[in-house]
Amino acid sequence: MRHGKKVNHLGRTDSHRKAMLANMATSLIKHKRITTTLAKAKALRKYVEPLITKSKNDTTHSRRTVFAYLKDKDAVTILFREVSEKVASRPGGYTRIIKLENRLGDNAEMAFIELVDYNEVYGKTAKTEKKTTRRRGATKKKSDQPKAEAAAAKTATDDLTIVEGIGPKIAEVLATAGISTYAELAKTDAEKVKEILTEAGSNFNTADPTTWAEQAQLAADGKFEELEKLKAELDGGKKVDE
């Protein structure tokens, strides 16, 4: 009877079982995922996870201890150089077992066992963080580009509300139509501006853009004193008759 005996011998002698698990652990470290029976995958998890924990302490003693189990120099090198860095922040649970369909022939339960941090689907977040760290300069350039474009757009926009007769809402309508600077407004005919306001709605029909081009030209030339004098002569956008 097997009371209290938790070790699955997998139908093999002790030496055969150790050699098989060493070969499977080596394949898992090199290829990051292998397919086997469910019983072997569970036995391999108990065999390889302590070795991965051991690899976090990169000393000669640790390397010799792990080599005594794996007996493969390439696997030991990969484990201590690549895998240990990948799982440095993970406190155990380095492998994942996912069941597959039963094997044809003997109907054995199949599964694949993989290193968690090398999964392209579930480990996508960790992989992205690593890329961001390596390409920090490139990431900043990409994030700064929209800010630079927004700053340039802000610089290229003038405050049209200084023109007598243009309020914030009318300025938004003109900006939507592509008129956002003094120079653009100065080049636009009054009839064209009137059409834009008419299309915007009945709330803007009362505005009179007759003198807007003249005011905008003064603002574009930087003649704000003359603009203020002109605005003093205007009443609602129209010149006061003398």
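Positions are given from 1, in the same order as the sequence printed here.
When the side-chain hydrogen bond (donor to acceptor under 3.5 Å, both in side chains) test is applied to Asn23, no partner is found at least two apart in sequence or on another chain. Partners of Thr60 according to the side-chain hydrogen bond (donor to acceptor under 3.5 Å, both in side chains) rule, which considers only residues two or more places apart in sequence or in another chain, do not exist here. Checked against side-chain hydrogen bond (donor to acceptor under 3.5 Å, both in side chains), Arg12 has no partners two or more places apart in sequence or in another chain. Applying the side-chain hydrogen bond (donor to acceptor under 3.5 Å, both in side chains) criterion to Ser62, with sequence neighbours excluded, gives Thr59. Judged as a salt bridge (charged side-chain N to carboxylate O under 4.0 Å, His left out), and not counting sequence neighbours, the contacts of Asp58 are Arg63.
Nearest heavy atoms, Leu28 versus Val48: CD2-CG1, 4.0 Å. Glu184 approaches Gly178 most closely through the heavy-atom pair OE1-O, 3.0 Å. Taking all atoms of both residues into account, the shortest heavy-atom contact from Asn57 to Phe80 is O-CE2, 3.9 Å. In this structure, Gly93 and Val116 approach most closely via the heavy-atom pair O-CG2, 3.7 Å.
The shortest side-chain heavy-atom distance between Thr36 and Phe112 does not fall under the 4.5 Å cut-off. Side-chain contact between Leu115 and Ile29: absent, with no pair of heavy atoms (C-beta onward) separated by less than 4.5 Å. The shortest side-chain heavy-atom distance between Leu38 and Met110 does not fall under the 4.5 Å cut-off. Considering only heavy atoms from C-beta on, Phe67 stays 4.5 Å or farther from Asp72 through its side chain. Looking at Ile179 and Ile196, their side chains come closer than 4.5 Å, going by heavy atoms from C-beta outward. Using a 4.5 Å cut-off on side-chain heavy atoms (C-beta onward), Ile98 and Ile113 make no contact. Side-chain contact between Glu82 and Thr77 is absent, with no heavy atoms from C-beta onward closer than 4.5 Å.
Pairs of residues two or more places apart, or lying in two chains, that qualify as salt bridge (Lys or Arg N to Asp or Glu O under 4.0 Å) and include a residue from residues 33-57 are Arg33-Glu114.
Atoms CD and OG, on Glu85 and Ser55 in that order, are 10.0 Å from each other to the nearest 0.5 Å. Note: Tyr94 OH to Asp117 CG = 9.5 Å, rounded to the nearest 0.5 Å. To the nearest 0.5 angstrom, Thr53 atom OG1 is 11.5 Å from Arg90 atom CZ. Annotation: the span from Lys187 atom NZ to Thr181 atom OG1 amounts to 8.0 Å, rounded to 0.5 Å. A distance of 8.5 Å separates NZ of Lys18 from OH of Tyr47, quoted to the nearest 0.5 Å. For the atom pair CD1 (Ile97) and CG (Leu44), the distance works out to 8.0 Å, reported to the nearest 0.5 Å.
The environment of Lys30 atom NZ is dense: over 12 non-hydrogen atoms of other residues, nucleotides or ligands sit within 6.0 angstrom.
Side-chain N or O atoms of Asp106 include one that pairs as donor or acceptor with a backbone N or O of Ala108 at under 3.5 Å.
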